Amino acid sequence: MHVPEGFRDAGPTLRALAAARGLRIGAAVNVQALRDDADYRAVLAAEFNAVTAENAMKFAPFQPERGIFRFDDADELVSFAEAHGMTVRGHTLAWHETLPSWLTEADHTPGELLDILHTHIQTVVDHFRGRVFAWDVVNEAVAEDGSYRDTFWHRHAGPRFVDLAFQWAREADPDARLFYNDFQGEGSGHRAKTIYRFVKRLRARGVPIDGVGLQMHLRADRPPNRRHIVRAVKRFASLGLETHITELDVRVPVPADWLVLDRQASVYGDVFSAATASPGCTNVVLWGFTDRYSWIPHRFEDWGAALPFDDSYRPKPAYAAIATELGKRNSQ
Ligand code: XIL
């Protein structure tokens with residue numbers, strides 16, 4: 001396979017370092033880039049042993065019209081992953097964003113909406129049965145105060161959608177690991193507590209959940225404390241839940257200078273140090289891997305450069321920091 005010029009020095013790849021300690025290191029994949037950009041494919045396959053679809057497995061791309069399912073993009077990604085020995089996380093079944101207008105603009109009753117969600121989950125999870133090892137079943141459903149967040153599914157279908165989504169996913173693929181995924185589940189703030197309580201209640205009422213996803217879209221100037229990440233994983237483990245870090249990126253103000261990129265590297269290092277010290281955390285997925293394709297500049301004005309490869313696929317200080325942590329022995 002062609003490898004882009006200047007792409008990394010000699011030494012083990014991130015995926016080799018991760019595999020040596022039984023970890024998966026993944027990246028969210030932009031399917032258009034996977035198709036069009038040979039350098040993107042080469043670096044992805046060389047450095048990572050897990051993938052998530054950045055958008056291709058969301059509701060609207062899967063079901064652009066009611067009852068019409070399109071799997072081409074996601075199938076392409078799953079085939080790529082299988083050809084390169086990578087696992088696939090499915091993202092995401094019940095979320096309030098990336099919904100098609102046929103769904104959001106019509107006047108469905110709660111019963112109809114639950115039927116639609118049921119059919120969606122059944123069809124999608126069944127299609128990828130045995131090929132997607134973990135699903136983010138419900139994404140971002142908790143409000144600041146620990147109650148249900150006021151979003152499309154909650155408002156129009158009612159709170160039952162959460163428990164039902166997990167049950168339907170379990171029925172469609174009993175072997176897939178089922179995750180609740182959210183942001184700020186790891187810090188010292190309020191959301192870490194409320195997310196913990198939310199999944200604890202799910203467990204208490206017998207909802208089939210196996211794990212919690214910590215998104216971790218971080219800012220280099222306000223990182224979570226390493227100890228808090230370790231503590232969050234421990235708490236989830238005490239409920240019998242595993243933890244995946246699912247969407248890690250560390251944004252910086254742009255244009256970024258070396259000082260800022262070093263600061264970013266130490267944040268990446270801390271997160272990987274926490275993950276490698278936590279037996280409950282076996283997967284760390286970055287939300288992309290190259291600054292060439294990242295959602296950050298589109299979402300946060302004046303921020304960017306959030307990933308460990310720059311937009312020419314040159315490894316940044318963050319890359320070295322991740323490799324160092326993954327290569328350390330006895331960090332437990
Ligand atoms: C983002 C994608 O990166 C963007 O390309 C898209 O326009 C919007 O969604 N939390 C999530 C992800 O769970 O699905 C989001 O991904 C980022 C925030």
Side-chain angles (χ1 to χ4, degrees), residues 26-37 40 44 48 50-64 73-74 77 88-101 103-104 120-121 124 128 132 134-144 148-149 151-154 161-162 165-166 169 178-187 191-192 195 198-199 209 211-219 222 224 243-251 271 283-301 303-309 311:
V29 174
N30 174 324
V31 175
Q32 200 57 49
L34 187 71
R35 224 170 255 152
D36 298 345
D37 183 340
Y40 184 89
L44 176 65
F48 299 93
V51 292
T52 302
E54 182 173 1
N55 289 303
M57 293 193 175
K58 291 174 181 172
F59 200 113
F62 268 158
Q63 203 181 161
D73 284 2
L77 172 59
V88 182
R89 294 191 85 265
H91 175 85
T92 175
L93 300 170
W95 190 34
H96 53 275
E97 283 191 36
T98 324
L99 295 173
S101 52
L103 176 60
T104 53
H120 186 82
I121 291 178
V124 166
F128 292 101
V132 164
W135 277 101
D136 289 332
V137 177
V138 176
N139 197 31
E140 302 179 347
V142 177
E144 290 301 315
Y148 290 88
R149 192 164 170 201
T151 63
F152 175 80
W153 291 110
H154 182 261
F161 89 90
V162 171
F166 279 98
L178 306 183
F179 278 70
Y180 175 70
N181 191 49
D182 211 334
F183 53 92
Q184 292 166 1
E186 69 284 351
R191 288 186 63 80
I195 290 168
F198 183 80
V199 294
I209 175 176
V212 179
L214 300 173
Q215 292 185 358
M216 295 217 198
H217 294 291
L218 306 177
R219 295 170 46 143
R222 283 194 212 157
T243 302
H244 290 176
I245 293 170
T246 54
E247 306 184 16
L248 177 62
D249 53 20
V250 182
R251 60 186 183 269
V271 174
N283 282 251
V284 181
V285 180
L286 315 186
W287 207 239
F289 59 95
T290 164
D291 294 336
R292 182 183 289 238
Y293 310 100
S294 163
W295 75 307
I296 294 293
H298 306 284
R299 184 65 161 252
F300 303 96
E301 211 182 321
W303 293 79
L307 293 163
F309 290 92
D311 50 20

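Each ligand, and each atom within it, is numbered from 1 in the order the structure gives. What you are looking at is a predicted structure, and each value in this text was computed from that prediction instead of being measured.
Neither side chain, Asn139 nor Glu97, offers a donor N or O lying under 3.5 Å from an acceptor on the other.
Taking the six-membered ring for Trp, Trp303 and His217 have ring centres at least 6.0 Å apart.
Applying side chain to side chain contact (heavy atoms under 4.5 Å, CB included) to Met216 and the options Asp249, Leu248, Val250, Leu286 leaves one that passes, Leu248.
Taking the six-membered ring where the residue is Trp, Phe62 and His120 present tilted rings, their angle falling between 30° and 60°. Aromatic ring pairs are classed by plane angle as parallel below 30°, tilted from 30° to 60° and perpendicular above 60°; the pair Tyr40 and Phe289 is tilted.
A donor-acceptor contact shorter than 3.5 Å is absent between the side chain of Trp153 and the backbone of His96.
Near ligand 1, Glu54, Asn55, Lys58, His91, Trp95, Asn139, Glu140, Gln215, His217, Glu247, Trp287, Trp295 each place a heavy atom less than 4.0 angstrom from the ligand.
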